[in-house]
2 protein chains.
Amino acid sequence: MRVLVVEDDPKIASFVTKGLKQSGFAVDQAADGEQGLAYAVGTAYDAVVADIMLPKLAGLQLVQRLRTSGSQVPVLFLSAKATVEDRVRGLQAGGDDYLTKPFAFSELLARVQALIRRSTQAVETSSVTAGDVTLNLLTRAVTRAGEVVELQPREFSLLEYLLRHAGRTVTKTMILEHVWDYSFDPQTNVVDVLVHRLRAKVDPDRRRLQTIRGVGYVFRPV
Amino acid sequence: MRVLVVEDDPKIASFVTKGLKQSGFAVDQAADGEQGLAYAVGTAYDAVVADIMLPKLAGLQLVQRLRTSGSQVPVLFLSAKATVEDRVRGLQAGGDDYLTKPFAFSELLARVQALIRRSTQAVETSSVTAGDVTLNLLTRAVTRAGEVVELQPREFSLLEYLLRHAGRTVTKTMILEHVWDYSFDPQTNVVDVLVHRLRAKVDPDRRRLQTIRGVGYVFRPV
DNA sequence: CTTCGACAACGAGGACGCGCATACGCCCCA
DNA sequence: TGGGGCGTATGCGCGTCCTCGTTGTCGAAG
């Protein structure tokens, strides 16, 4: 799940970004409205968290432009101002939710998750299973054939992505985009290396995680 | 008191809902398992009444998903099937009680009230236990393997938070928010230091309080 | 069937950064 | 004013993950 955070206050920005990353999101940061808009139109985010008061381009305008450009991405506004009128204006501009500073991070997290859940209309599952491999997002525990497997963060992230797309081919570019925050090809073989490490832990008999030469990989549940 | 009723048969649904409302409960209705799960994860209900045979997502799966998402809400199953095996499976899946159709409404009511009474009592308990570690909220006393351990207020608070989320990963951000009242990252290593102090007292062999690198910590009962 | 090129797999090495530990200092309360 | 509690500062060790070079494998064309 990719989230864009548009916030000019570096303290709040790092706080929100850190928290979301710890909760398993891929997070991009933008420091002003223009940059935020550029990121948002360039990448398919699952949610946007934006401050109302932003340099260069205010949050409300940002969302309006985003909407006129056809994007349906759910937007959560942050603001110090809390009047009913402000909330209404935010929602009229195309925002989906509103949070007043100061806020508890857990509330932000809950709202972001709610927005994503609503927009994807997918029920939030806390575990993903494909074949004999199960991955629990809450405990970060992974089991294969009942055996517990210890995974690194990157490996966990990759496996989650593969399981969510089990049976479908995922390209290396898609993996780079979701497991890393790269929106470009860093010209390396990180993916290959990570796949190798993941196989050693999760697919020792090499039946599950198959290579599609020249394209990417498929996870075939067994 | 909020109750969620998940039942696809409209006659039974309205019968149960009406009766509960008349008894003073706030009642929400869901017609299938997916909807029910969505409601249940989105709202803090005091009890859930669910049919076993549901469209889209069966009652048993519903409860399993609910439990893995961390919810402790008591669940009462309704079912036409009444074999002992069915009852066992229902309880294994995380259900709290079982009622066979057809049933008298007064019995349903009595059971729902009993479930709520039991669960709220459990919440108000004055001690939290996970594995061999017990923490008494009234006396502020902590024991590990029967031995009394002296804790400072902050350490106590952290341990309480960890025990209440035992088995689940808690991020540093969440800890900062609950143990301190920071809604911003104070850019320090307070959490690390406190974890270190807590480990020295409560987890000398370092088996319980484990590090999830880049994310936070898990308390694994032992 | 052979050959060659391209891509993938794998192992080793190394840099960076996180978490841990320890020492220190401030502040509150007795 | 002394001591305990607790936040701060800092160096170190190690885990994690990226890079690089080599080996292995696949596939297409001759």
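Since we're looking at a predicted model, the values are computed, not measured. Both backbone and side-chain heavy atoms feed into the values below; hydrogens, waters and symmetry mates do not.
For Trp180(B) and dC6(D), the shortest distance from a side-chain N or O to OP1 or OP2 is not below 4.0 Å. Here Thr188(B) reaches the OP1 or OP2 of dT8(D): one of its side-chain N or O atoms lies under 4.0 Å away.
Taking the salt bridge (charged side-chain N to carboxylate O under 4.0 Å, His left out) definition, one finds that Asp203(A) meets it with Arg208(A), sequence neighbours left out. Residues satisfying the side chain to side chain contact (heavy atoms under 4.5 Å, CB included) test with Glu34(A), not counting sequence neighbours, are Asp32(A), Lys56(A), Leu57(A). Evaluation of the ring-ring contact (aromatic ring centres under 6.0 Å, His included) rule for Tyr161(B) yields His165(B), His178(B) as partners, not counting sequence neighbours. Residues satisfying the salt bridge (charged side-chain N to carboxylate O under 4.0 Å, His left out) test with Arg140(B), not counting sequence neighbours, are none. By the salt bridge (charged side-chain N to carboxylate O under 4.0 Å, His left out) test, Arg207(B) is found to be paired with Asp205(B), residues two or more places apart in sequence or in another chain being considered.
With hydrogens and angles left out, the side-chain atoms of Thr211(A) and Arg206(A) include no donor and acceptor closer than 3.5 Å.
Each of Tyr217(A) and Asn189(B) has a nearest nucleotide on DNA chain C; the 5'-most of these lies closest to Tyr217(A).
One can place CG of Leu194(B) at 11 Å from C1' of dG5(D), the figure rounded to the nearest angstrom. Going from atom NE2 of His196(B) over to atom P of dC12(D) covers 17 Å, rounded to whole Å. Between the P atom of dG24(D) and the CG atom of Asp192(A) lies a distance of 17 Å, rounded to the nearest Å. Rounded to an integer number of Å, the gap from CZ of Arg140(A) to P of dT16(D) is 13 Å. The CZ atom of Arg197(A) sits 7 Å away from the P atom of dC18(D) (whole-angstrom rounding). Here the C1' atom of nucleotide dG7(D) and the CD atom of Gln187(B) are 15 Å apart, to the nearest Å.
Of the residues in residues 201-214 of chain A, Arg206(A), Thr211(A), Arg213(A), Gly214(A) come within less than 4.0 Å of DNA chain C through at least one heavy atom, sorted by number. Within residues 148-160 of chain B, no residue has a heavy atom under 4.0 Å from DNA chain C.
In this structure, the side chain of Asp8(A) does not engage the main chain of Ala31(A) through any donor-acceptor pair within 3.5 Å. For Gln22(A) (side chain) and Gly216(B) (main-chain N/O), no donor-acceptor pair under 3.5 Å exists by modelled atom type. The backbone N or O of Arg144(A) sits nowhere less than 3.5 Å from a side-chain atom of Asp132(A) that would complete a donor-acceptor pair.
Val193(A) comes within contact range of at least one nucleobase, with a heavy-atom separation under 4.0 Å.
Side-chain contact between Leu62(B) and Leu60(B): absent, with no pair of heavy atoms (C-beta onward) separated by less than 4.5 Å.
In the helix from dC1(C)-dG30(D) to dA30(C)-dT1(D), the terminal helix axes, each the rotation mapping four pairs' C1' atoms onto the next four within five end pairs, subtend 20°, rounded to 10°.
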Could you list the donor-acceptor pairs under 3.5 angstrom formed between side-chain atoms of residues 145-157 of chain A and any protein atom two or more places apart in sequence or on another chain?
residue: Glu155(A); atom: OE1; partner: Gln152(A); partner atom: N; Å: 2.9
residue: Glu155(A); atom: OE1; partner: Lys201(A); partner atom: NZ; Å: 3.0
residue: Glu155(A); atom: OE2; partner: Arg197(A); partner atom: NE; Å: 3.2

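Pairs passing the ring pair (Phe, Tyr, Trp, His ring centres under 6.0 Å) check and including a residue from residues 7-29 of chain A, sequence neighbours excluded, read Phe15(A)-Phe105(A), Phe15(A)-Phe184(B). Within the structure, the salt bridge (Lys or Arg N to Asp or Glu O under 4.0 Å) test picks out the following pairs touching residues 62-72 of chain A (sequence neighbours left out): Arg67(A)-Asp96(A).
Where DNA chain C meets chain A (any atom under 4.0 Å from a heavy atom), the bounding nucleotides read 5' to 3' are dA6(C) to dG11(C).
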Given side chain to side chain contact (heavy atoms under 4.5 Å, CB included), test Phe77(B) with Val63(B) step by step and report yes or no. CA-CA 10 Å; Phe77(B) 279 126; Val63(B) 175; 3.3 Å; yes
